[in-house]
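A short worksheet on the structure shown next.
Just so we're clear, the structure is a prediction, and the values are computed from it rather than from any experiment.
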Amino acid sequence: MSHTPHELASDFPEYAEQISALRQSDAHFARLADAYHDINRDVHRAETDVEPTSDDHLSEMRKKRMALKDEIYGLLSR
């Protein structure tokens, strides 16, 4: 499979070191980052038709991904 877009470190390169450190030291952040990684992978697989899904389901997954990304960014930028 090709490179998965929208990984946290590539979308927030200025926070790459902080993301790595928080994944190790903050269990809540690690859970959020893991959930983001999982949904992002699922969205990518649906968008590339590796695992096709309905448009409604894809839209819901994108909304969940965005909500997680917003929460993660909030933690990174405080």
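Residue Asp70 holds its CG atom at 11.5 Å from CG of Leu32, rounded to the nearest 0.5 Å. We find the CD-CG distance between Glu17 and Leu22 to be 12.0 Å, quoted to the nearest 0.5 Å. Rounding to the nearest 0.5 Å gives a distance of 4.5 Å between NE2 of His44 and OG1 of Thr4.
Residues satisfying the side-chain contact (heavy atoms from CB on, under 4.5 Å) criterion with Ser10, sequence neighbours excluded, are Glu7. By the side-chain contact (heavy atoms from CB on, under 4.5 Å) test, Asp38 pairs with Arg41, sequence neighbours left out. With sequence neighbours excluded, the residues that form a side-chain contact (heavy atoms from CB on, under 4.5 Å) with Arg31 are Ala27, His28.
Following chains of ILVMFWY side-chain contacts shorter than 4.5 Å, one cannot reach Met66 starting from Phe29, and the two form parts of different hydrophobic clusters.
Exactly one residue among Glu47, His57, His6 makes a side-chain hydrogen bond (donor to acceptor under 3.5 Å, both in side chains) with Arg62. That residue is Glu47. None of Asp11, Leu76, Leu75 except one satisfies the side-chain contact (heavy atoms from CB on, under 4.5 Å) rule with Ile19; the exception is Leu76.
Around atom NZ of Lys69, more than 12 heavy atoms belonging to other residues, nucleotides or ligands sit under 6.0 Å away. Surrounding CG of Asp55 are at most 12 heavy atoms belonging to other residues, nucleotides or ligands under 6.0 Å away.
In terms of heavy atoms, Arg23 sits closest to Ala30 at O-CB, 3.5 Å. Considering all non-hydrogen atoms of both residues, Pro5 and Asn40 come closest at O-ND2, 2.9 Å.
Arg65 places no side-chain N or O within donor-acceptor distance of the main-chain N or O of Val43, the cut-off being under 3.5 Å.
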